[in-house]
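As structure tokens, the structure follows; a few thoughts come after it.
Values below: all heavy atoms of this structure, side chains included; hydrogens, waters and symmetry mates excluded. Computed from a predicted structure; not experimentally measured.
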Amino acid sequence: MTLPAPQTLRAVRGEILHFLSDPAAYGAAASEHFADGILAIRDGHVAELGPAEDMLAKLPSDIVLDDYRGKLILPGFVDTHIHYAQTDIIASYGEQLLAWLERYTFPAEARFADPDHAAAVASFFCDELLRNGTTTAMAFATVHGTSVDALFEAARQRRMRLITGKVLMDRNCPDFLRDTAESGDAESRALVERWHGRDRLLYAVTPRFAATSSTEQMTRAGRLFAEHPGLYLQSHVAENCCEIEWIARLYPDARSYLDVYDGFGQLGPRSVYAHCIWLDDADRARMAATGAAMSFCPTSNLFLGSGLFDLASARARGIRVGIGTDVGAGTSFSMLQTLNEAYKVLQLNNQRLSATDAFYLATLGGARSLYLDAQIGSFLSGHEADFVVLDPQATPLLARRMANCASLDERLFVLMMLGDDRAVAATHVMGEPAGLHPALSKNSKTVNL
């Protein structure tokens, strides 16, 4: 259902944490933490943040206050790569990337020619994101324009920030999912006109990957990306070794897999590439120079046996990096569980991921990779008031382990290792409890201050 318009002024109280910059570079100065804080929200945007003691004196006596004391409030999670059309094939057994596409993905995506099916999955998908504390996502739809309409409409009804686009595939795919260079371009342009910049919705030009688009389609995709201000581009690169060998045969003149996209003008600010496992230093230098971003998809990379992401090399080059659940090859909508697996991937790669680094990547880091950090990702004044409320007592094991934590960093680490959707006490979009009228929220009440 469409959520009601935000109250003119409301507030949220609890333990509050957000990031101002990258803790890997700036340490403790990168974050702001209030053991007992209040976030004031006006018309769905952050008005002011401060210690509860100071804020209580400023707030009007009849304000609607969401009281989350005992819980941790963070900016809403940002998922930088996910496939909504693969929701129904999550946890499908036994394949690596190319066989996964043939056996599971393409048959599932064929069903999205049916608008009713697309609408039903889109509704479930957006609700599942919100249930897990994710308020912004960059998502793949399918080759069908109806799939894009359905997902944008579901996100619009929930007032979410969402980026998606029609998948472009005119070769090396089943006939029932194949478009043409001309039809893909024309339908994408119509969708851009219909959706891009409407409410909190943004369009992404979406060539699935270089193997499934002809040179003509790739040329048109790069041209469309360049022509429209603020447009995004999303694709996959260097995920799987067999995939890389296939791309080399299809594009023998390209220096690397990434160079294929570069040659078609598809690298730049607001271009986001999932996986980026098997890149070399020249590739990383090019991503940094163009402002392209990487989406680190740990659960998918482990599930498909693709390889281990190199976060240290990306950071050394100053590349923007966000976290992607990559459902359905990814195995959870939960950003907490995805951070859990990110930690393990980096351990296997002889790298460390601190809890503060992890939650930065899931919030402000993701926003920066999408060039949306002026709107989301932190609680700076004027930002859109999307946030997640985490309950450190959500399960008996969490509660018991939390009792032995001596610091905020330790509590954050326990949340990301032991937490999942059960730890999400609430998700708020533009200040309002997601999916609930404020009167129905057990934590919302009008108080005299």
Side-chain angles (χ1 to χ4, degrees), residues 18-22 24-26 30 45-46 75-82 129 134-140 152 155 159-165 188 191-192 195-207 221-222 224-237 258 261-262 265-276 284-297 311 314-315 317-325 335 359-386 429-430:
H18 72 134
F19 295 93
L20 306 172
S21 55
D22 186 348
Y26 295 97
H45 293 74
V46 174
F77 295 136
V78 179
D79 191 335
T80 59
H81 182 72
I82 185 169
L129 287 176
T134 298
T135 54
T136 293
M138 188 176 204
F140 267 59
F152 271 138
R159 299 203 311 277
M160 296 173 69
R161 270 234 171 253
L162 188 118
I163 306 166
T164 192
S188 295
L191 289 162
V192 169
W195 291 108
H196 184 59
R198 180 179 174 186
D199 298 328
R200 304 178 74 200
L201 310 173
L202 298 161
Y203 193 86
V205 181
T206 307
L224 177 57
F225 178 48
E227 285 177 3
H228 283 260
L231 215 60
Y232 286 76
L233 186 140
Q234 60 179 343
S235 196
H236 305 82
V237 70
L258 184 78
Y261 295 107
D262 200 8
Q266 295 180 19
L267 297 185
R270 298 178 311 283
S271 66
V272 179
Y273 286 88
H275 309 301
C276 300
R284 294 188 185 96
R286 187 60 184 151
M287 290 195 79
T290 59
M294 297 178 174
S295 182
F296 174 17
C297 304
L311 180 60
R315 281 175 166 165
R317 289 288 187 179
I319 299 169
R320 296 169 186 246
V321 178
I323 297 288
T325 61
M335 191 59 70
F359 279 94
Y360 163 78
L361 289 173
T363 57
L364 183 59
R368 284 182 167 176
S369 73
L370 299 179
Y371 289 80
L372 289 173
D373 47 303
Q375 289 82 35
I376 60 169
S378 74
F379 293 136
L380 292 177
S381 179
H383 281 209
E384 295 160 357
D386 294 344
V429 177
M430 298 293 284

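For the pair Ala221 and Leu233, the tightest heavy-atom approach, listed with the atom from each and the gap, is O-CD1, 4.4 Å. Nearest heavy atoms, Leu258 versus Arg286: CD2-CB, 4.4 Å. Smallest separation of non-hydrogen atoms from His196 and Pro229: NE2-O, 3.5 Å. Nearest heavy atom pair, residue His275 against residue Val237, reads CB-O, 3.8 Å. The two residues Val78 and Thr363 have their closest heavy-atom pair at CG2-O, 3.7 Å. Across all their heavy atoms, Tyr371 and Gly291 have their closest contact at OH-O, 2.7 Å.
For Tyr273 and His81, the ring centers sit 6.0 Å or farther from each other.
Between Ile376 and Thr135, every side-chain heavy-atom pair lies at or beyond the 4.5 Å cut-off. Here the side chains of Val272 and Leu370 are in contact, with some heavy-atom distance below 4.5 Å. By the 4.5 Å heavy-atom criterion applied to side chains, Pro75 and Phe19 are not counted as neighbours. Looking only at side-chain heavy atoms (C-beta outward), Ile319 and Arg284 come within less than 4.5 Å of each other. In this structure, the side chains of Met430 and Arg200 come closer than 4.5 Å at one or more pairs of heavy atoms. Proximity of Ser378 to His383: side-chain heavy atoms (C-beta onward) are separated by under 4.5 Å at one or more points. Side-chain contact between Thr325 and Thr134: absent, with no pair of heavy atoms (C-beta onward) separated by less than 4.5 Å. By the 4.5 Å heavy-atom criterion applied to side chains, Cys276 and Met287 are counted as neighbours.
With values rounded to the nearest 0.5 angstrom, Arg270 atom CZ is found 10.5 Å from Arg320 atom CZ. Residue Leu311 holds its CG atom at 6.5 Å from CZ of Phe296, rounded to the nearest 0.5 Å. To the nearest 0.5 Å, atom CZ of residue Arg161 and atom CG of residue Leu202 are 5.5 Å apart. With values rounded to the nearest 0.5 angstrom, Gln234 atom CD is found 4.5 Å from Phe140 atom CZ. For the atom pair CH2 (Trp195) and CD1 (Ile163), the distance works out to 15.0 Å, reported to the nearest 0.5 Å. Once rounded to the nearest 0.5 Å, the distance linking CG of Asp262 with CG of Leu267 reads 4.0 Å.
Each of Phe359, Phe379, Tyr360 was scored for a ring-ring contact (aromatic ring centres under 6.0 Å, His included) with His18, with one residue passing: Phe379.
Looking only at distances, no side-chain donor or acceptor of Tyr232 sits under 3.5 Å from a matching main-chain atom of Gly165. Using modelled atom types, one side-chain atom of Tyr261 and one backbone atom of His236 make a donor-acceptor pair closer than 3.5 Å. Between the side chain of Asp199 and the backbone N or O of Leu201 there is no donor-acceptor pair closer than 3.5 Å. Side chain of Thr80 to main chain of Ile323: a donor-acceptor pair is present (N/O by atom type, distance under 3.5 Å, no hydrogens or angles). With Arg368 contributing its side chain and Asp373 its backbone, the two residues share no donor-acceptor pair below 3.5 Å. Between the Asp386 side chain and the Val429 main chain, no donor and acceptor come within less than 3.5 Å of each other. The backbone N or O of Pro207 lies less than 3.5 Å from a partner atom in the side chain of Ser235, making a donor-acceptor pair. Checked by atom type and distance alone, the side chain of Thr164 pairs as donor or acceptor with a backbone atom of Ala139 at under 3.5 Å.
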Side chain to side chain contact (heavy atoms under 4.5 Å, CB included), that's the test. Do Asp22 and Leu364 meet it? Break it down for me. CA-CA 8 Å; Asp22 186 348; Leu364 183 59; over 6 Å; no
